[in-house]
Structures are given as structure tokens and as C-alpha cells.
Asker: 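Shown below is the structure under consideration.
None of the values given here were measured: they were computed from a predicted structure. Naming convention: chains lettered A, B, ... in sequence-line order (proteins, then strands); numbering from 1 in each chain.
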Protein chains: 2
Amino acid sequence: MTVTLADVAARAQVSPATVSRVLNGNYPVAASTRERVLRAVDELDYVLNGPASALAAATSDLVGILVNDIADPFFGIMAGAIQGEIGGPGGRAGGERLAVVCNTGGSPERELTYLTLLQRQRAAAVVLTGGAVEDAPHAAAVAAKLRKLAEAGTRVVLCGRPPAPDTRAIALTFDNRGGARALTDHLIGLGHRRLGYIAGPVERTTTRHRLEGHRAALAAAGIEEDPRWTVYGRYDRRSGHEATLELLRRDPSLTAIVAANDSVALGACAALRESGLRIPEDVSVAGFDDLPFSIDCVPSLTTVRLPLAEAGARAGRVAMGREEPPLGGVASIRGELMVRGSSGVPRGAQ
Amino acid sequence: MTVTLADVAARAQVSPATVSRVLNGNYPVAASTRERVLRAVDELDYVLNGPASALAAATSDLVGILVNDIADPFFGIMAGAIQGEIGGPGGRAGGERLAVVCNTGGSPERELTYLTLLQRQRAAAVVLTGGAVEDAPHAAAVAAKLRKLAEAGTRVVLCGRPPAPDTRAIALTFDNRGGARALTDHLIGLGHRRLGYIAGPVERTTTRHRLEGHRAALAAAGIEEDPRWTVYGRYDRRSGHEATLELLRRDPSLTAIVAANDSVALGACAALRESGLRIPEDVSVAGFDDLPFSIDCVPSLTTVRLPLAEAGARAGRVAMGREEPPLGGVASIRGELMVRGSSGVPRGAQ
DNA sequence: AGCCGCACAGCAAGCGCTTTCTATATCTGT
DNA sequence: ACAGATATAGAAAGCGCTTGCTGTGCGGCT
């Protein structure tokens, strides 16, 4: 039925062992023999049996990439960059590895199940992207899983995610706090004193860190925050739209709205416009991440650029052991404030 | 070192066979025994060895999803929907399958290599999304691969991709031609007579079909097309930006620009604005796909909505054998014209 | 000339699981 | 109470590959 190593061996008149060695190229084989084998492989259209190979060699060429939302370019860009370095077909790496991205949908259980599935497949490496969920039991479960993966020889890298203590996982973390701080500092510098904040889901680290940075800026400027100024939502445009209307209802005198990310900011812009408010004359808007579309918004979005592709590439290289992990296993990656058209001097402050 | 089935069996005082049956749940096992086994599994923290299992059972629980560009929401949305139905962890499907998305970057070789890799892993199913490359040798190679996959028992589904003849692959195709026709008809109906077209990469089916629809509309209206009105590019905003400037240079009297997709349209809008042209007063713009951000553009984008999530979900179900494939193995999925703010009556036509 | 070492090739023992076939209780019906 | 059916557990034969160890022939060395 299906062609096996033995068939190839028979055809090439060599032993299965030799065929295996030709295919893996990690053992001396005479050129003439090699050629004969390769010809047989070709003629028979032989395809290695991955599971069998993985079983015998006790390793696999699978690399898992976990993302929260595959439809969100934030993750797509990172995943693409990681995959580019993993090798995958065409990657600059030699060995062919199957980089697979797994969509957790932000659900802790799914995350855990995927990790188990990857563990089951004896994945060569795993990269977890995006913020973690701040639920103690879950965090512990994930940490335990990561520890176990590491023990089994799977390299674990966190990309854009806070370090996981007591784990051998390498962490490339985004400095969300610092970026948010710089962003709000900028707004305050323009003269804003009443700033609404549209946060992401409460339980996520990213949400908390960005909010903390925002609040640190307020505190530093001596602005007392009104609890009505913060609304929690999701990381999508719809959430930004709804939250903005809510914010406007609570305090129509807001002069700026800081969004959890660019998509949310986009929704916020739409809501403001529908409410008859001009950006930035009436209300300034700021996003986070600097996704490709941000520059094309009208007005273009003031935001914090996160080097997603670079971070992903680095994570990929580290996962493949092609780059030294940062000292201490943790690196903080800074964002860059991008001041654009959506932020301006508040009305009245001239 | 690592815990195996045998260890669990020993601990539960049963045979390995019994443990396997408990885990797979496809053979009667007494409740008391099952419980004992499960307890042992738990205590030992046993994780099944995927490769070994796949080897013995001659099937795997891997499902491959091929996308052209993982950073593009067009693919992200489809991939997410497919994955949702594949089961994956948390999916409504019971069995846990590892849905993996592979990023081909639009490269034919990568596509082929990924297919081989999936064949090597004995994937349970493969879903190919997005347009195909119109290169005869490559198309033949892909068709051969798909045939081989199908022979090996892998279910093959094409989602948003033209049918592959001589293949058992199920195809859910987008009616790009029809959608483009409707879109340009709309523009012509508004009074436009000089329309620029920003196409995608030349060699892609999607590009050709959309362009054909556009031209069919022109022909039906008796408009003779000027070759200067078409520029080929890529499916991203940058390409739209550049192409628009080029179009404007070639013929400043254009009153409308039809873009290959929404991202391209976004870039086109930016270029027009930079050129001091108003949308739609001076130039109308139209996109394709209706990605989430399209409605938030300023003005909001006239485009053709493609039911990406629905199509993906359906493809996923078909791939899992949970839904009957369409008659003849091919279904055409229509888009819906979304008339919004970016298209209007051309200047002078009042 | 004779011996050692090297460069290859083959043997065979698993890797950890699934599954067919077989064995042993435990029922069921009359 | 006994034959036949039923339910459940085990033995063992692989699945297709990798790899440590064992041959074998050859050139180079003294």
C-alpha cells in the first residue's frame, strides 16, 4: 500500500539502515550509494513516516506557537515572524520543521490543552505569545506544564508575555507599562487633564500593565483619577466603540481617550465621530501596538509601536537555539511612542 | 525517565492493553477498572506519546490549515473559524485534534513543502485557503500532492480557493468574479466612466477573477478600458499606496479606484488624501473582502463582503466529516456588495 | 609483506502504542 | 442446573523508523 523505508531499501539494494542514514544525513554514506538511494526514493515517491520517525528518534520536528487570537494581526505578525525563523519550509534554517500555530482564543483551558497536545507530540519547541491570564490556579497549571515540557527537552519561549517564574522558559517581554506611561505622558503634556481609558479584559497581564503605566503618568502629573474614567472591554474594535459611548455618557467632558490597543482605538474613533465629536479637536485618541492600519486611520493614530516582527523573529531564533537567550532568561522590549494626528491640544487649552 | 503506558498499567495493575482502551474509550472496560486506570494516569501525570500512538494506529489527530499570509486578517479570520470547527481543544467537536496553521507566505514551494510535511505527519485533514498560483507546473504538482494525500486517507478541503481538477478535494470557492462585477456595476451606476484598478499579484487566481469581474462590468456598460488604468501589486496597503500614485500619474482624470482588497484600498485612500483629493467627492474608492476595519475607515469603505468566518466554519466541518460536502464537491460562495461612504457620484456628473 | 585502522554497510533491538485474537468469568434462559 | 451468550481482561504481534554495535574490504604504515 504505502511505500516504506524497507521498500526503498529493497529497490536501492541496500539495508533500511542505510536509507535512513541517507535521509538524515548524519552518518557517512558513500556518494554512489547515496545517489542510488535518492533515486529509489524519487522513483517510489517515498515520504517518510513522521510518527514512526519521531517515535524511534524520540524527537519531533514540530514547533508550536500559541496565540490568543489568530484573526488579530497583532498575533499574526508575531506568528509570521516566529515561523519565518523556525525554518518551516523555505525559512533560512536548514532542517525542515513544522511550525504550527495554535489558536487559544484567550481561553486558559484551551491554552493548557494545546500545551498538553504539544507535549504529547513531543514538540521540539513551544512559543507562547501575548499576555497571560492572571488567575493563580491557572498560572500555576501553565507553569507546571512548561516545566514539564522543558524537562522533556522542549524549548519554551515566551514572546510578548511576562516571565513565568520557576520555569526554564525564556521570556521576551514587552514593556507595556513603560509604553503606556510614555503615551499618557504625551497626552498630559498636550494639556489633557480628563482622560478616559478603555482597558482590555480585566484578568490579563497586558491589560493591567498598560493601565498601570497610564495611571503612573496620571499620578506623576498630580491628576486624581476618576473611577468613571476607566472601562474594561475586549481587545477589538467593537469593544472600543461600546466603551467610548459609555465613557461619553459617564463624563462628556473628557478630552482624551486612551485605548488598550489600536483596534479598540479604531472603534473609539468611530464612536466619537458618530457622536459628532472631532478628533483631535474635541477629543484626542491614542492606541497601542501600531498595527499597519494605524497610520492610515483618519486622522492617523497616535500610538506606541511594538516591534512585533523583530520580537517574533528573535523568539523564533531563541526557540531554535540559534540565538543566545538574554541574560537571566528575561528581556524587556521597549515600545516607541508614535505621535500622529489623533492627539492634539485639548479644546479650551488652546 | 518519562512515564509510559506500561508504567500506568503496572501501577493500575492491569495490562497495557487495558490502559490504552480506557484512554481511547472505544472498547468496554469495567467502571471500576477504568477508574483505577484513570487514577494511575493522574498520579503518574502520564501523557500519551503522540507519535507512538499515531504509528500504531496509523492515523494522527493533526489537521493542517494552509494560509498565504498569517498576518493578514483575511486568512486569520478563516483560519480561526476552521480551527473552531476542527475541534482543537475546546472546540465543539469531541476528539482532541491539533489544528495547525501553516504560513506559506504565498510561495508555491513552501506550499508544496508544507503539504509534504503534513503528508509525512499523516495528517487527518488539510484545508488550503486563499487563491492559488496560476503556474501550470506548480498547479500540477499541488494537484498530485493532493491526490496522494487523499489516497492516504487525508481529507482535503479548499476554502476560498478554486477547485482542483482531478482531485478528490472539496472546494468552497468565493465568487470573486461575481462580487467584483457587482462592485464595478455599482460604481458605473453612480456615473463613473474612468476607473482605475489596483490588482493583486498577477499570477494568482483571485487576482484574475476579480479583475475579470471588473472588466466584465466595464464591457457591459460599453466602457472601453484604457490599459493604463490597471496596475498590479501585492495584497497590502503599501502596494495600494504606491499603485494609486502611479495611477494618478498615468491618468489624473480617474474618478474611481477599485482595489484588489480592503488593505489595498486603505493604502489607496491614504495616497489620495496625500494628493489632496477628497473621497468620494474627487475620487471614489472601493475595496473587497469587508474586513473588520473597513467600516471604520473615513469614509467607510464600499466593498464586497465575503463570509470568511462562515466559509471557514463550513470548511472545517467538511474537513472533519461532520457536514456533507456540496454536490459535485464544489460550492460557490457569493459575496455581498456593501455600499458605504467611500463611493459617490463623480465630480461633474453631479 | 603483514598488520592496523578507517570508511562504509548491515543486523537487530527496540521506541511506545494499538488491536486482533484468545481466555476467563459472569450471566441468561429454559 | 447446564449450554450458550456476554462482558471484560490479557498476550503478543506488529506499526515504520533509528542507531549502537558488528562485520568487511581496503589503503597506509613499518
Asker: Does the Arg11(B) side chain pair with the main chain of Glu43(B), one donor and one acceptor, at a distance under 3.5 Å?
Answerer: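 Looks like no, no N/O pair under 3.5 Å.
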
Asker: For Ala17(A), answer base if it contacts any base atom (sugar-phosphate contacts may also be present), sugar-phosphate if it contacts only those atoms, and nothing otherwise; contact means non-hydrogen atoms under 4.0 Å.
Answerer: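 Base contact.
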
Asker: Kindly say if Ser15(A) contacts the phosphate of dC11(C), meaning a side-chain N or O under 4.0 Å from OP1 or OP2.
Answerer: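 So the side-chain polar atoms of Ser15(A) never come under 4.0 Å of the phosphate oxygens OP1 or OP2 of dC11(C).
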
Asker: Just to confirm, is there a sub-4.0 Å distance from OP1 or OP2 of dA9(C) to any side-chain nitrogen or oxygen of Thr33(A)?
Answerer: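 Yes, Thr33(A) has a side-chain N/O under 4.0 Å of OP1/OP2 on dA9(C).
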
Asker: Please figure out whether Ala31(B) or Ala54(A) has its closest DNA chain D nucleotide nearer the 5' end.
Answerer: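 Residue closer to the 5' terminus by nearest nucleotide: Ala31(B).
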
Asker: Leu55(B) CG to dC15(C) P: how many Å, rounded?
Answerer: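 Value for this atom pair: 13 Å.
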
Asker: Look at the side-chain N and O atoms of Asn49(A) and state whether any lies under 4.0 Å from the OP1 or OP2 oxygen of dC15(D).
Answerer: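 For Asn49(A), the contact criterion (side-chain N or O under 4.0 Å from OP1 or OP2 of dC15(D)) is not met.
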
Asker: Determine, for Arg161(A) against Glu111(A), whether the closest basic-nitrogen to carboxylate-oxygen distance falls under 4.0 angstrom.
Answerer: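 Salt bridge present between Arg161(A) and Glu111(A).
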
Asker: Grab the CG-C1' distance between Leu23(A) and dG16(D) for me, whole Å please.
Answerer: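 So the CG-C1' distance, Leu23(A) to dG16(D), works out to 13 Å.
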
Asker: From C-beta outward on Thr18(A), which listed nucleotide comes closest to its side chain: dC17(D), dG10(C), dT19(C)?
Answerer: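 Nucleotide nearest to Thr18(A)'s side chain: dG10(C).
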
Asker: Is there a donor on the side chain of Arg122(A) or the base of dG16(C) sitting less than 3.5 Å from an acceptor on the other?
Answerer: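 Between dG16(C) and Arg122(A), which were checked side chain against base, a qualifying N/O pair under 3.5 Å is absent.
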
Asker: Between Thr4(B) and dG16(C), is there a contact of a side-chain N or O with OP1 or OP2 at under 4.0 Å?
Answerer: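 Answer no for this pair, as no side-chain N or O of Thr4(B) is under 4.0 Å from OP1 or OP2.
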
Asker: Can you tell me if Glu35(B) has over 12 outside heavy atoms packed within less than 6.0 Å of its CD?
Answerer: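 Atom CD in Glu35(B) is not crowded, with 12 or fewer foreign heavy atoms closer than 6.0 Å.
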
Asker: What's the CZ-P distance between Arg21(B) and dT18(C), to the nearest Å?
Answerer: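 Roughly 11 Å, once rounded to whole Å.
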
Asker: Looking at Cys159(B) and Val127(B), what are the two nearest heavy atoms and their distance?
Answerer: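 Scanning both residues completely, I find the closest heavy atoms to be CB-CG1, 4.0 Å.
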
Asker: Round to the nearest Å and state the distance from Leu5(B) atom CG to dC17(C) atom P.
Answerer: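 So the CG-P distance, Leu5(B) to dC17(C), works out to 4 Å.
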
Asker: DNA chain D: Ala30(B) or Ala56(B), which has the more 5' nearest nucleotide?
Answerer: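 The 5'-side residue here is Ala30(B).
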
Asker: Rounded off to whole Å, could you give me the CG-to-P distance for the Asp61(A) and dT18(D) pair?
Answerer: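 It is 11 Å, rounded to the nearest whole Å.
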
Asker: In this structure, how many angstroms lie between the P atom of dG10(D) and the CD atom of Gln13(B), rounded?
Answerer: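 Value for this atom pair: 10 Å.
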
Asker: Assign each of Ser53(B) and Tyr27(A) to its nearest nucleotide of DNA chain C by heavy atoms, then name whichever residue's nucleotide is nearer the 5' end.
Answerer: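 The answer here is Tyr27(A).
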
Asker: Is it true that Glu134(B) and Arg204(B) make a salt bridge, defined as a side-chain N closer than 4.0 Å to a carboxylate O?
Answerer: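 Looking at Glu134(B) and Arg204(B), the cut-off is not met.
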
Asker: Do the side chain of Arg120(A) and the base of dG16(C) come within less than 3.5 angstrom through a donor-acceptor pair of N or O atoms?
Answerer: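 Checked by distance alone, the answer is no.
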
Asker: Under 3.5 Å, is there an N or O donor on one side and an acceptor on the other linking the side chain of Arg36(B) and the base of dT8(D)?
Answerer: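 Flag unset: no donor-acceptor pair detected.
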
